[in-house]
Amino acid sequence: MRTFPIGGIHPSDEKAWSKDKAIEVMELPDEVAIQMTQHIGAPATPIVAKGDKVLTGQLIGEAAGFVSANIHSPISGTVTNVEIFPDGQGIRRQMVIIKREGDEWVESIDRSKEIKRECTLSPFEIINKIKSAGVVGMGGATFPTHVKLSIPDGQKAEILIINGVECEPYLTSDYRTMLERGEELLVGVEILMRALSVERAVIGIENNKPDAVAHLNKLIVGGNYRGISVMPLKMRYPQGGEKQLIAAVTGRQVPPPPALPISVGAVVCNASSAVAVYEAVQKNKPLIERVVTITGKNLMHTHNYLVRFGTSYKNFIEHAGGLPEGDVKILNGGPMMGRAVVELSAPLLKGCSGITIVSGREAVRRKEGTCIKCAKCVAACPMGLEPYLLAKLAQNKMWDRAEEHNTVECIECGCCSYTCPSNLPLLDHIRIGKQNVMANIRARAIKK
Amino acid sequence: MNELVLTILTMCVLGVVLAVILYFVAQKFKVEEDPRIDDVEGMLPGANCGGCGFAGCRAMAEAMVHSDDLSTLYCPVGGAETMRSAAAYLGKSAPEKGPQVATLLCGGSCSKRPKINHYDGAKSCAVVNTLYTGETACIFGCLGYGDCVHSCQFGALTMNPETGLVEVDADKCTACGACVKACPKQLIELRKKWPKNRAVYVACRSKSRGAVVIKACKAGCIGCGKCVKVCPFGAISLENNLAYIDSEKCKLCRKCVNECPTGAIHLINMEPLPKEAKEAKPSAAATSKSEVKTESANKE
Amino acid sequence: MATKIFAAPSPHVHGGESTRRIMGDVLLALVPALAVSTYYFGLRVLMITAVSVAACVIFEYLIQRLLFRSRSTIGDLSAVVTGVLLAFNVPVGIPWWIVVVGALVAIGIGKMTFGGLGCNPFNPALTGRIFLLIAYPVQMTDWTTGVPDALSGSTLLNDVKTGAVSVSDCDFMDMFAGNMNGSMGEVGALALILGGIYLLWRKVITWHIPVSILGTMAIFAACTVMGEGGSLVYEFPLFHILAGGALLGAIFMATDYSTSPMTHKGMLIYGVCIGLLTMIIRLWGAYPEGMSFAIFIMNAATPLINKYCRPKRFGTKK
């Protein structure tokens, strides 16, 4: 069984808490806050004002530039405010607040459950539809999908890789999506293959989800989906990283930046995003909802919800039976790469695949020791870097040397901090180093 | 015995040969350098803090020797005196600039600015700042993880564990500006240094609206503008819901201190004006311990 | 109990590894060797080990508290490991006060002068041993005191070097079991190998350093024999691996984290060099035993190896 070539760790997968919970539709919130920065790139420009009536699926934020994404209203009702509000980390962001009145959809959206497989659109038309629907990478990176599908001149995609790895512990939203919406996923993959003009698509799934592998295989044979195959991968974190997944599936390693995955002929797309692509192209449905896992060891209830964007974290926590007592950490995402949330009134975003509540002793880091040079971080780094050194250089503000040691290649997977016997916050420091080095590189580029 | 002589002889010959080689090498690779650079470097404090904007004292000395105009150069550590002596040596004129001191523009101590969550990562303000807006509801306030303390080469900054804020020892501070660069929230300012380390400043940088400030911190500036009205020197300006005292214009009259409803204006090493000073005649205020300048200010 | 919300940068879970656990594993791996040593040399082994451990821990505590005025870190067990390893490197008949001096050098000079755990360029226990070997050469090579009569007053390595005993006369089974003369911890090849396997299983060490050291020694020994036209092509390498401190050094001393290279490639270079140096010292040097000096020399070269042996970066060919 295949996996990526260097580094990696084996955290306990903790999927059992929510993996058997079927996707439920969460009741619509009375009010939503729609953040204008739900993707990487320029924030969308709001095109509604206070007092405007909006329908579900109506465009309310327009993409500002090529690397940006449209934002649509997830509910119908009245815009009550367009203002700056804190996001989950307390950072002030522009948001559109909508008060719900019923649930009236834009007419062009096909809301039937029926699977529509046939697609005769040209690649250009498909990409345009995806662009106007505001589809972004739903694995967490939130890179606009239409940008990814627009292959630069002179390069050619050879293989489409669907990321069904979900290597983050706890999260099960992609897994449930693959199990319950497999048919839509496969049609989405077909559409993506058409958009990219590739003959081959591989769905990478880790071997801790054998039923998803079996289910998709059955559907592929039953539906005669040509060119699509499922590849079980050996469980290892961070297999879901774009570069790691490409290496695991094709055996080819993407060269260091500025090379992109397309330089080895691969395009990677998240499984949930593929479903969103299906809905955008075949059903004219913009990205207004997604499957979100709410999970954690000490929660009363865990769920996999289909929820509209803009629902607050508070809502989720209420549905999970409240926060456990004692020390807790609320994470937007899984425990390895998720961001801690402190502002519970903040809204759900496109990139949030799960909300993990870490509680008790796990919520608090253990005491830091000193580096004993055990080199476990070096062995664990999936990018072949030297985390202990990068952290030290960043702490001493030696940006030039950090650049020499390729700190910008760090994918912030957290393997180094996870594995450190002295509990050193290696990644915390490396991140600072990476930011400073990248700022230096940008400054140099501007000078030129 | 023979061996001993031989050893000494070999050593001597070796020494002479190497000395000759060294002499020629030194001649060959000699670099002509203005000898004044060494002299000027000797006048500089030698802290190599980079407060002047150069990599170290030598780089500063080179710049001083080579540039015609010293007005853009200033050594904050040595201060005006060093600049004067160096300028006199070089036969150039030195800029006149008063001494400065680093000041923390945040008064949100633990008791006044309650924590709403607990940070548990690497103990560094830079790390906190990239993660989120901090442990309190104020998004402008001091994070309290002491990046400025670590950046200070002179030991002038200390973290007060009780208030969670940084304290500046004005006697040790050389106004090199390292802490100003280190603070990710831009809370440290170099302000005019008064005798006896007296100071008046608005200890807040919050640009939020008053209602938001009050919710987050009891000691924040709510932008009411009372201080602006009372200032006789026009030293206080109000912008983005935030009052700011220009330390070059301020004469330490302290009138603003009593006006501030939240106590955001800090008074250091001075007695505040008596409360009734507001109603009483200005001369009453002048009786309190203050400088001549301040007295004249109060009479206006 | 109220809910307290925490925030920290990712990752939010930890693998559970700790310095204390690693050191504990090393101690556990040393137990079989200690048992074998006690079996052959008697209870004095335990006494010397206890003195050494106690001295190391006390010195570390005192230096940290009194000189550095910092929090003591004796809880991480690293001083205990140093103590045991130091004891394993001295002959059983050594006066106890010499061990205390060795502990002072090991902890005081070998470790604390450089900033404590993780900062020391040389293995502390080895520093202590080498100091003792030079300062008290008589006591450190006195293999008779406290030893059962069955054993001669000299180590096999020495006997072979001086030609008193031929390699072909050695009983390899005895050597394997530990029935031979030597420092307390270096006898008992089987016990040491068991400890090594345990460390490998617990992922405390990787195979690179021990295998490269022992492999190089074996190959070098075999080549020497063949070059000289000898007939003991198998016996001679085996003898060198089993005799003296080869196994103790390769498994426990050379693998010390802070003094060995970070990357696998670096570890191999380091191991090969140690193997070569050991054999050169053993065959042509003044000392019959070369392991400790070889490790010590390569400890000094570790920063250099780290500088030039970078891990293989993702996406690069090299």
Side-chain angles (χ1 to χ4, degrees), chain B residues 106 108-153 155 157-166 182-185 187 206 208 212 215-218, chain C residues 1-24 60-61 63-78 111-121 134 203 257-258 262-263 284-286 303 306-307 310-311 313-315:
Chain B
C106 177
S109 58
C110 295
S111 55
K112 295 196 168 136
R113 195 170 50 132
K115 281 186 180 185
I116 52 171
N117 63 69
H118 299 265
Y119 175 72
D120 185 38
K123 305 274 174 282
S124 151
C125 304
V127 176
V128 181
N129 193 45
T130 50
L131 176 71
Y132 70 137
T133 52
E135 290 172 293
T136 66
C138 176
I139 63 172
F140 297 96
C142 177
L143 297 168
Y145 285 95
D147 277 14
C148 50
V149 176
H150 299 304
S151 76
C152 184
Q153 292 188 16
L157 301 177
T158 42
M159 181 61 70
N160 185 336
E162 250 168 58
T163 57
L165 294 175
V166 175
C183 181
K185 295 277 189 187
L187 286 174
S206 173
S208 302
V212 178
K215 236 186 225 174
C217 174
K218 284 179 208 146
Chain C
M1 196 163 59
T3 301
K4 204 168 157 191
I5 295 180
F6 278 83
S10 65
H12 306 281
V13 283
H14 190 265
E17 192 89 63
S18 74
T19 308
R20 193 197 179 104
R21 205 219 78 189
I22 290 172
M23 295 299 167
E60 174 151 320
Y61 181 81
I63 290 171
Q64 278 178 332
R65 293 310 302 267
L66 300 183
L67 283 181
F68 294 168
R69 309 240 168 233
S70 64
R71 196 166 49 91
S72 166
T73 54
I74 51 169
D76 63 22
L77 298 180
S78 63
K111 191 173 172 188
M112 285 305 161
T113 4
F114 299 99
L117 183 64
C119 302
N120 48 306
I134 294 165
K203 294 201 172 82
Y257 283 146
S258 56
M262 303 291 254
T263 59
W284 301 301
N306 274 337
K307 192 168 162 65
R310 289 273 143 74
R313 266 161 71 207
F314 186 92

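Order of the sequence lines sets the chain letters (A, B, ...), proteins ahead of strands, with each chain counted from 1.
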Just wondering, are more than 12 heavy atoms of other shown residues or ligands nearer than 6.0 Å to CZ in C:Phe114?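 Above 12, so yes.
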
Report, as yes or no, whether the 6.0 Å neighbourhood of atom CZ on C:Arg21 holds more than 12 heavy atoms from other residues, nucleotides or ligands. yes

If you check both backbone and side chains, which donor-acceptor pairs between chain C and chain B fall under 3.5 Å?
{"residue": "C:Ile5", "atom": "O", "partner": "B:His118", "partner atom": "N", "Å": "2.8"}
{"residue": "C:Ala7", "atom": "N", "partner": "B:His118", "partner atom": "O", "Å": "2.7"}
{"residue": "C:Ala7", "atom": "O", "partner": "B:Asp120", "partner atom": "N", "Å": "2.8"}

Look at B:Val128, B:Val127, B:Leu131 and state which one has the largest set of heavy-atom pairs under 4.5 Å with chain C. B:Leu131

Give me the atom names and distance for the closest heavy-atom approach of B:Gly121 to C:Ala8. N-CB, 3.8 Å

